[in-house]
K.L.:
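First the structure, which I've put down as structure tokens, then a few questions once you've had a look.
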There are 2 protein chains.
Amino acid sequence: MGENALQRKPRRNQGMSIARLAEHLGLSEGTVSRALNGYPDVAGKTRERVIDAARTLGYSPSSAARRLARGVVETVGFVLPQRAGHFSDPFLAEMLDGVAMELADSDWDLIVAAVPDGHDEPEVIDRLARTGKVGGFILTRTRRKDARVDHLRELGLPFVVHGRTEDCADYAWLDIDNEKAFVDAVRYLVELGHRRIAHIGGDMSFNFAHFRHLGYRRAMEDAELPVPAGFVAEGIADGVAADEAMTAMLSLPAPPTAVVCVTDAVALGAMRAISGAGLRPGVDVSVIGYDGLPFGLAAHPPLTTMSQSSHRAGREVARMLLALIHGAEPANSQVLWEATLTKRASASPPPPH
Amino acid sequence: MGENALQRKPRRNQGMSIARLAEHLGLSEGTVSRALNGYPDVAGKTRERVIDAARTLGYSPSSAARRLARGVVETVGFVLPQRAGHFSDPFLAEMLDGVAMELADSDWDLIVAAVPDGHDEPEVIDRLARTGKVGGFILTRTRRKDARVDHLRELGLPFVVHGRTEDCADYAWLDIDNEKAFVDAVRYLVELGHRRIAHIGGDMSFNFAHFRHLGYRRAMEDAELPVPAGFVAEGIADGVAADEAMTAMLSLPAPPTAVVCVTDAVALGAMRAISGAGLRPGVDVSVIGYDGLPFGLAAHPPLTTMSQSSHRAGREVARMLLALIHGAEPANSQVLWEATLTKRASASPPPPH
DNA sequence: TTGTATGCGTTATCAT
DNA sequence: ATGATAACGCATACAA
């Protein structure tokens, strides 16, 4: 039967609809729909027959039609960070994978949108929301003041933020406790015997950079250690800038014996500056980074670093967003995860003075 | 919540539809639709009035309804590489940004799907295609034999491949000329005076690794240089493995004076091995990588490397896919781009023997 | 337990 | 130049 039917009408799935499926079965569209959607009031035998035929004929309901009929969306939006520049976020792909994977478990989809030149993020969010393409949003690379958050708040669509803004009481977010992470890092260095500890920080308008800086300050204060002039660099975003910043620190009258860096990329730059100054990273000057990049593992010496799985974070924010859409309270969906300190050879006790 | 919030409720476009817009204007739905879609047979004044009202009331057509009525999809699918592991592809995010940006110019959208555990890529492709969620696909990280390509070929949906398979005559693709890139790299080393040139290669089931290896072999043959036993490593995927491979090469009786590496990550691993053996990378042993990673720029010495913009590639494959969907011939959509060699200090003339 | 009828928001094909 | 009206594919309230 199969061959004949196929040869006569090589109809693609293109033309497969619930109408044709119903006709094929000698049933009404309504019954087929109910059978497929697990309604209780269809005969067991009928349901079996329907499901079977649907599989055989390769029928899947049209998402557009279903959306229209039910009024629900089953798609979430993810707006890629604007002006991300090249390679600025090694975790985006990983996080997207986590998000998409979690969504797939519920048969939801992920629309990824970029911000075209000449437009801004709120515009992109608006377009996706107004055309009914998505039923919620996931945000990442959050700034302390973030126009996207403000816009979504006003829009009234469910959203989950990876990170936080200054004012984060009324929406759902998942953040790493960056402050605690850097407190831990500094404490670890203090335990190793360091007293002159510096910090190479990032763009403080980013929430993560802000809190990492804060953690450094707090831990130094707690340990009653001074933060001499020149011991804190801000706005360092890559290895080259880090190299310069570290070089400047090493030329101080009393240079640091350890440095905590806002990212691994920055830490590796700092390590090069240390080598370049004729010192041994991890021996003369200890270095700690953040990210857990594979480059760090393969560095000389291997980089001590802090990290959290982006994939897991992606899964979690997706899970949270689905819960939100299903009615959960945003204020009950605020999660703070701790980063893990991976101890390697780039941080060790300071040289005897 | 106060009455204010309730009063502002009409601000939500939730309930905005062409029907309400038409009613508001005292026109029929049909006329409004035609005015908005640029049909010629509406009075100029009417069109103005309609467009104006649409903007004021924040109306955008429901994508689901439009899809249903017109039968076109305006969304393309991108299936994330399975088992990508952590950070395995620093370009994915960049490429996605390019794809999404190009699509946005035509008001198209991008659905990014992951492959859930226990499933495979063809299944994911199938689901997206059958539910009518996408009108075409973009593939990346192509293997020489790739089940996704076979499946899409059979499915009959338009698709563009970033990379190529063994048999690539009948579909659209954009690839980098990896063979030429590595021919150029080896030639450059030969011009510098090298004669003992090695290759650290990747997983040869990947198309790019295959052709990079091929390019190395061809250039060596062209230059009539021997490839001694131990001068080619295969299946090296990260810096740690590269470190080991390079260390082995350096312990050969006549070790190489230069090495071309399948990626920058591998090249950096090789550089560490060279330093570890007490030699100077870029002086005693020259190193060339591929990718143009920022880490390479900041390495010691800065890494000579080859690259092509992933963002531009993303834009181009999206452009090609749209053309395809609009009727272009796949066989006319096959593009080979050249990589650019960036000369830095990690490759220089060999030491005098 | 099943069939019928209606609506979701748009576009397209008719009329007028 | 504009207004009815019929699809598009599905879900569901209501009848039978």
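Order of the sequence lines sets the chain letters (A, B, ...), proteins ahead of strands, with each chain counted from 1.
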K.L.:
Just to be sure I understand the rule, does B:G26 reach a base, reach only the sugar-phosphate, or reach nothing, if contact means heavy atoms closer than 4.0 Å?
P.N.:
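Here B:G26 touches the backbone only, sparing every base.
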
K.L.:
With sequence neighbours excluded, tell me which residues meet salt bridge (Lys or Arg N to Asp or Glu O under 4.0 Å) with B:D150.
P.N.:
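Expected list: B:R153.
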
K.L.:
Contact list please: residues 46-54 of chain A against DNA chain C, heavy atoms, distance less than 4.0 Å, in numerical order.
P.N.:
A:T46

K.L.:
Which listed nucleotide (C:dT1, D:dG3, C:dT11) is nearest to the side chain of A:A43?
P.N.:
C:dT1

K.L.:
Which residues pass the salt bridge (Lys or Arg N to Asp or Glu O under 4.0 Å) test with A:R164, sequence neighbours left out?
P.N.:
A:D175

K.L.:
How is A:S33 classified with respect to the nucleic acid when contacts are heavy atoms under 4.0 Å: base, sugar-phosphate, or nothing?
P.N.:
base

K.L.:
Can you list the stems that DNA chain C is part of, where a stem is at least 3 pairs in a row, each Watson-Crick or G-U, with both distances below 3.5 Å?
P.N.:
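Consecutive-pair runs (3 or more) involving DNA chain C: C:1-16 with D:1-16.
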
K.L.:
Could you tell me how far apart A:K45 (NZ) and C:dT1 (C1') are, to the nearest whole angstrom?
P.N.:
14 Å

K.L.:
Any side-chain donor paired with an acceptor under 3.5 Å for A:S309 and A:R315?
P.N.:
no

K.L.:
Listing request: all salt bridge (charged side-chain N to carboxylate O under 4.0 Å, His left out) pairs with a residue in residues 40-51 of chain A, at least two apart in sequence or in separate chains.
P.N.:
none

K.L.:
Can you give each donor-acceptor pair under 3.5 Å made by side-chain atoms of residues 106-116 of chain B, sequence neighbours left out, with the distance rounded to 0.1 Å?
P.N.:
residue	atom	partner	partner atom	Å
B:D107	OD1	A:R127	NH1	2.8
B:D109	OD1	A:R127	NH2	3.3
B:D109	OD2	A:K133	NZ	2.7

K.L.:
With sequence neighbours excluded, what pairs up with B:E166 under the salt bridge (Lys or Arg N to Asp or Glu O under 4.0 Å) test?
P.N.:
B:K145

K.L.:
Over how many whole Å does the gap from A:R66 atom CZ to D:dC10 atom P extend?
P.N.:
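My rounded result for the distance is 9 Å.
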
K.L.:
Given that A:E29 and A:R70 both sit by DNA chain C, which one's nearest nucleotide is further toward the 5' end?
P.N.:
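Looking at the nearest nucleotide for each, A:E29 comes out on the 5' side.
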
K.L.:
What's the CZ-P distance between B:R20 and C:dG9, to the nearest Å?
P.N.:
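Nearest whole value for this atom pair: 6 Å.
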
K.L.:
Using a cut-off of 4.0 Å on non-hydrogen atoms, how would the nucleic acid contact of A:T131 be classed: base, sugar-phosphate, or nothing?
P.N.:
nothing

K.L.:
Go through it in stages, so that I can follow the logic: the residues are A:R55 and A:D52, the test is salt bridge (Lys or Arg N to Asp or Glu O under 4.0 Å), and I'd like the CA-CA distance, side-chain angles, deciding distance and then a yes or no.
P.N.:
CA-CA 5 Å; A:R55 245 221 332 260; A:D52 211 53; 3.7 Å; yes

K.L.:
Show me the protein contacts with nucleotides 13-15 of chain C, counting only N or O atoms at under 3.5 Å.
P.N.:
residue	atom	partner	partner atom	Å
C:dT13	O4	B:R34	NH1	3.3

K.L.:
For A:A69 and B:L36, find the nucleotide of DNA chain C closest to each by heavy atoms; which residue's nucleotide sits nearer the 5' end?
P.N.:
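It is A:A69 whose nearest nucleotide is closer to the 5' end.
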
K.L.:
Check every atom of C:dT10, D:dC10, D:dA11 against the side chain of A:N37 and return the nucleotide holding the closest atom.
P.N.:
D:dA11

K.L.:
Could you state the CD1-C1' distance from A:I18 to D:dA7, rounded to the nearest angstrom?
P.N.:
17 Å

K.L.:
Which whole-number value in Å describes the distance from B:E23 CD to D:dA4 P?
P.N.:
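It is 13 Å, rounded to the nearest whole Å.
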
K.L.:
Starting at CG of A:L68 and ending at C1' of D:dT12, how long is that distance when rounded to a whole Å?
P.N.:
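It is 14 Å, rounded to the nearest whole Å.
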
K.L.:
Give the table of side-chain donor-acceptor pairs shorter than 3.5 Å for residues 30-39 of chain B, with sequence neighbours excluded, one pair per line with atom names and distance.
P.N.:
residue	atom	partner	partner atom	Å
B:T31	OG1	B:S28	OG	3.1
B:T31	OG1	B:R34	NH2	3.4
B:S33	OG	B:N37	ND2	3.4
B:N37	OD1	B:R66	NH2	3.1
B:N37	ND2	B:S33	O	3.0

K.L.:
Taking the nucleotide of DNA chain D with the closest heavy atom to each, which residue, B:V42 or B:A65, is nearer the 5' end?
P.N.:
B:V42

K.L.:
Does B:T140 reach the main-chain N or O of B:G163 with its side chain, forming a donor-acceptor pair under 3.5 Å?
P.N.:
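Between the backbone of B:G163 and the side chain of B:T140 there is no qualifying donor-acceptor contact (under 3.5 Å).
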
K.L.:
Can you name the residues that form a side chain to side chain contact (heavy atoms under 4.5 Å, CB included) with A:A19, not counting sequence neighbours?
P.N.:
A:S17, A:E29

K.L.:
A:F159: what forms a ring pair (Phe, Tyr, Trp, His ring centres under 6.0 Å) with it, not counting sequence neighbours?
P.N.:
A:Y171

K.L.:
Tell me the interatomic distance from A:R130, atom CZ, to C:dT10, atom P, rounded to whole angstroms.
P.N.:
12 Å

K.L.:
Sequence neighbours left out, what passes side chain to side chain contact (heavy atoms under 4.5 Å, CB included) with B:R319? Give chain and number order.
P.N.:
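Applying side chain to side chain contact (heavy atoms under 4.5 Å, CB included) to B:R319 gives B:E102, B:E316.
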
K.L.:
Rounded to whole Å, please give me the gap between CG in A:L27 and C1' in C:dT2.
P.N.:
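Atom CG in A:L27 sits about 8 Å away from atom C1' in C:dT2.
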
K.L.:
Counting side-chain heavy atoms from CB outward, which of C:dT10, C:dT2, D:dC10 is closest to B:Y59?
P.N.:
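When the side chain of B:Y59 is considered, C:dT10 is the closest of C:dT10, C:dT2, D:dC10.
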
